[in-house]
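Along the sequence shown, the residues carry numbers beginning at 1.
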Amino acid sequence: QVELVESGGGSVQAGGSLMLSCASSDLKYSVKCMGWFREVAGKGREGVAAIDAIGRTISYADSVKGRFTISRDNAKNTVNLRMDSLNPDDSGVYYCGAQSRAWCGDTWGAPDDYNIWGQGTQVTVSS
């Protein structure tokens with residue numbers, strides 16, 4: 001049973017924007033730290049952004065600060081990632097993940113901190 005489902009990926013030109021969404025039908029994820037990661041072949045899974053259960057603490061990778069915005073709507077059980085000013089280095093498969101706790105902590109970018117993952121959505125940015 002798939003618990004997290006990503007959507008919104010696609011192909012855009014450099015400078016463009018995309019909105020990714022991570023949805024779940026299980027309300028338990030509305031009280032969990034949620035993160036977005038991206039994976040490029042041969043480079044492993046990189047933390048992009050994370051948000052705690054109430055949206056108070058938000059973290060971003062340095063490479064996306066000022067361009068990406070993570071948000072959540074607990075009433076709809078969704079976590080979104082707005083991506084602006086995209087560049088080719090942003091290409092990859094984007095995954096949302098859930099931790100087992102409400103806060104994300106300083107290690108929010110470590111994939112091992114997340115115990116549930118979606119199936120991923122492809123983002124391709126062309127120059």
Side-chain angles (χ1 to χ4, degrees):
Q1 181 179 355
V2 178
E3 298 189 50
L4 300 176
V5 179
E6 300 97 335
S7 62
S11 297
V12 295
Q13 290 192 327
S17 299
L18 284 173
M19 171 78 88
L20 305 184
S21 183
C22 175
S24 175
S25 59
D26 194 329
L27 291 176
K28 70 182 178 185
Y29 295 111
S30 67
V31 294
K32 305 295 185 185
C33 164
M34 301 291 292
W36 281 98
F37 286 70
R38 63 187 175 200
E39 189 169 307
V40 178
K43 291 189 176 181
R45 196 163 291 191
E46 172 194 21
V48 174
I51 187 168
D52 70 2
I54 60 174
R56 179 173 295 173
T57 301
I58 292 174
S59 302
Y60 295 100
D62 288 343
S63 60
V64 307
K65 281 181 181 176
R67 301 188 298 120
F68 289 14
T69 304
I70 189 171
S71 62
R72 69 190 301 157
D73 185 338
N74 287 339
K76 296 181 179 179
N77 228 14
T78 58
V79 178
N80 297 320
L81 185 68
R82 170 75 181 188
M83 305 187 296
D84 296 315
S85 302
L86 286 161
N87 61 64
D89 289 338
D90 295 319
S91 297
V93 180
Y94 281 70
Y95 297 89
C96 70
Q99 294 197 18
S100 60
R101 56 187 185 181
W103 67 96
C104 299
D106 293 338
T107 58
W108 65 269
D112 288 346
D113 281 7
Y114 297 76
N115 55 352
I116 296 292
W117 295 94
Q119 82 288 351
T121 185
Q122 178 71 47
V123 171
T124 303
V125 185
S126 57
S127 58

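Between Met83 and Val12 the shortest side-chain heavy-atom distance does not fall below 4.5 Å. Between Val125 and Pro88, some side-chain heavy-atom pair lies under the 4.5 Å cut-off. At a threshold of 4.5 Å between non-hydrogen side-chain atoms, the residues Asp113 and Arg101 count as touching. You'll find the side chain of Tyr95 stays beyond 4.5 Å of the side chain of Leu20, heavy atoms only. Side-chain contact between Thr57 and Trp108 is absent, with no heavy atoms from C-beta onward closer than 4.5 Å. Taking the side chain as every heavy atom from C-beta outward, Phe37 and Tyr114 approach each other to under 4.5 Å.
Counting only residues at least two apart or in different chains, salt bridge (charged side-chain N to carboxylate O under 4.0 Å, His left out) contacts with residues 116-127 are absent.
How far OG of Ser71 is from CD1 of Ile58: 7.5 Å, rounded to the nearest 0.5 Å. Rounding to the nearest 0.5 angstrom, the gap separating the OG atom in Ser126 from the CG atom in Asn87 is 11.5 Å. Ser59 contributes atom OG, which lies 9.0 Å from atom CD1 of Ile70 (distance to the nearest 0.5 angstrom). For the atom pair Leu81 CG and Arg38 CZ, the distance stands at 9.5 Å (nearest 0.5 Å). Between atom CG of residue Leu18 and atom CZ of residue Arg82 there is a gap of 8.5 Å, rounded to the nearest 0.5 Å. Taking OG of Ser63 as the start and CZ of Phe68 as the end, the distance is 7.5 Å to the nearest 0.5 Å.
Using a distance-only test at 3.5 Å, with no hydrogens or angles considered, no donor-acceptor pair links the side chain of Ser21 to the main chain of Ser7. At distances below 3.5 Å, not a single donor-acceptor pair connects side-chain atoms of Lys32 with backbone N or O atoms of Gln99. Side-chain N or O atoms of Asn74 include none that pairs as donor or acceptor with a backbone N or O of Asn77 at under 3.5 Å. Side chain of Gln119 to main chain of Glu6: a donor-acceptor pair is present (N/O by atom type, distance under 3.5 Å, no hydrogens or angles).
Under the salt bridge (Lys or Arg N to Asp or Glu O under 4.0 Å) rule, Arg67 has a single partner from Asp62, Asp84, Asp90, which is Asp90.
The two residues Trp117 and Gly97 have their closest heavy-atom pair at CE3-CA, 3.8 Å. Between Met34 and Cys22, the closest heavy-atom pair is CE-SG, 4.1 Å. Counting all heavy atoms, side chain and backbone alike, Arg72 lies closest to Val79 at CB-CG2, 4.0 Å.
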